[in-house]
Novice: 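Quick one: this structure, given as structure tokens, is what I'll be asking you about.
All values reported here derive from a predicted model rather than from experimental measurement. Lettering follows sequence order; numbering is per chain, from 1.
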Amino acid sequence: MTLLEDTKYLEVEIWRGDAAGGEFQSFQVPAYESQTILDVVSWVQQNTDPGLTYRYACRVGMCGSCAMMVNGTPRWTCRTHVKKVADGDRLRVAPLRNLPIIKDLATDMDPFFDKWVAAEGKHHPSKSREDQIEQIDPENSARVEANSGIECINCSVCYAACDTVAGNPDYLGPAALQRAWTLYNDARDAKKQVILDAVSGTGGCHNCHSQGSCTVHCPNELNPMKAIAGLKRETAISFLRKAR
Amino acid sequence: MLDLRLYMMQRLSAMFMAPFVLVHIAVMVYAIQGGLSTEEILGRTQGSVFWFLFYATFVIAVSVHSAIGLRVIAHEMLKLNGLTLSVLTWGICLVLLFTGGRAVTAVTLL
Ligand code: SF4
Ligand code: SF4
Ligand code: FES
């Protein structure tokens, strides 16, 4: 690539490889006024190396598919401005932490979603289609608690930020546990005890160290750490009830 | 590596330990103020059912609490698993029970 004299360039390192291993490759990418990390990655793929593999869909922070490690921190790349996170003019983009790599910047999200299911993070219907629709009072305290987690976009940023996931691969992780907590507080969910049992095993909520990386990094400003504290409280209460 | 049962055991043992630590420290500070000798201290603790129960419960709580705490660290940092992890957890618990138990009996039994 010929560099233009009057253009500013970013020094971008992008991880290239697959599950077997790989290394960082350097690229020079023209710097623009308003530019996201995803713009930078797309520019490389469109102008320098069409073989670069990465994942995105919506580009507006809705779909949760574009998360990557940027200078060591997990971020949603479509909503992260280069100016905010570049180290001078340097960027280092890597696949999301704590997940198997498929190729380059694309990780295998299966373990992340499998854990949602394992945490019973799925709806357990309490009514059939013949029944009246349940009236939900938005002011109800359980509903308020449930609402606080429903904006999760499944981006796995919190999962990548969690040191407990890194140390204990069985740990269900912040997003799945937050989902379990949301459903536990949902009046329409019929299997509260099933949820509590699902989050009480060796990979369950009790492994969380409450250091809050998940909450610090969640791009939607959700608070999985608080949701997990709620699960710990409810499981402890149900444990003491059973012991009596 | 913590399920609900281990978590509860660790929290409950911590709940016991907190007041024990405070009483232990308070009594030590109080006891040495007048310059108490070893004999004088042992004279009061040996044969005392109260101090026996106090320190015996303390030792049990400490053994349970530390064994579970170290189990988590061993799993997350050293990647120990399965039988090795169980043996380590129980081993730590038993060593602490044994050494602590020896100290308690030496100080409180006649
Ligand atoms: S608070 Fe819990 S879930 Fe969140 S990053 Fe820390 S250990 Fe993981
Ligand atoms: S809790 Fe936040 S960081 Fe975690 S998956 Fe949901 S939106 Fe992403
Ligand atoms: S591309 Fe959809 S959230 Fe970033």
Side-chain angles (χ1 to χ4, degrees), chain A residues 97-98 115 118-120 159-174 176-177 180-181 184 191-214 225 227-244, chain B residues 1-23 53-97 100-101:
Chain A
R97 180 178 176 235
N98 289 343
K115 287 177 180 178
E120 290 292 334
Y159 190 82
C162 178
D163 285 344
T164 304
V165 172
N168 176 0
D170 290 337
Y171 177 47
L172 294 169
L177 290 168
W181 179 240
Y184 179 80
K191 297 212 169 140
K192 313 273 182 204
Q193 191 58 46
V194 169
I195 295 174
L196 291 187
D197 291 343
V199 301
S200 295
T202 50
C205 64
H206 307 99
N207 293 282
C208 167
H209 293 303
S210 309
Q211 300 276 1
S213 287
C214 50
M225 179 175 66
I228 294 168
L231 286 174
K232 286 181 180 169
R233 193 174 61 239
E234 291 304 313
T235 48
I237 292 171
S238 103
F239 181 88
L240 294 174
R241 275 217 195 98
K242 273 190 216 159
R244 266 200 293 157
Chain B
M1 255 313 123
L2 277 190
D3 57 9
L4 176 56
R5 194 178 50 95
L6 287 174
Y7 172 82
M8 290 307 289
M9 279 165 67
Q10 204 187 21
R11 294 303 135 131
L12 292 173
S13 57
M15 235 169 70
F16 270 98
M17 263 158 55
F20 281 132
V21 171
L22 293 179
V23 172
L53 290 178
F54 180 90
Y55 279 111
T57 323
F58 198 173
V59 164
I60 294 170
V62 168
S63 309
V64 169
H65 192 82
S66 339
I68 298 174
L70 290 170
R71 171 192 170 86
V72 172
I73 297 173
H75 178 65
E76 289 183 11
M77 310 300 290
L78 308 176
K79 305 286 171 206
L80 296 188
N81 258 317
L83 187 63
T84 328
L85 192 59
S86 300
V87 168
L88 183 84
T89 311
W90 278 103
I92 293 168
C93 186
L94 292 176
V95 166
L96 289 174
L97 277 176

Novice: Sort A:Leu196 into side chain, backbone, both or neither according to what part of it lies under 4.5 angstrom from a heavy atom of chain B.
Specialist: neither
Novice: Could you tell me which residues satisfy side-chain contact (heavy atoms from CB on, under 4.5 Å) with B:Val21, sequence neighbours excluded, listed by chain and number?
Specialist: B:Ile25, B:Phe58
Novice: Do other residues, nucleotides or ligands put more than 12 heavy atoms under 6.0 Å from B:Phe16 CZ?
Specialist: no
Novice: Between chain B and chain A, are any donor-acceptor pairs under 3.5 Å, and how far apart is each one to 0.1 Å?
Specialist:
from    : atom 1 : to       : atom 2 : distance (Å)
B:Met1  : N      : A:Thr202 : O      : 3.1
B:Met1  : N      : A:Asn207 : OD1    : 2.4
B:Leu2  : N      : A:Asn207 : OD1    : 2.8
B:Leu2  : O      : A:Asn207 : ND2    : 3.3
B:Leu4  : N      : A:Ser200 : O      : 3.0
B:His75 : NE2    : A:Asn168 : OD1    : 3.2
B:Glu76 : OE1    : A:His209 : NE2    : 2.9
B:Glu76 : OE2    : A:His209 : NE2    : 3.1
B:Lys79 : NZ     : A:Ala166 : O      : 3.3
B:Lys79 : NZ     : A:Gly167 : O      : 3.0

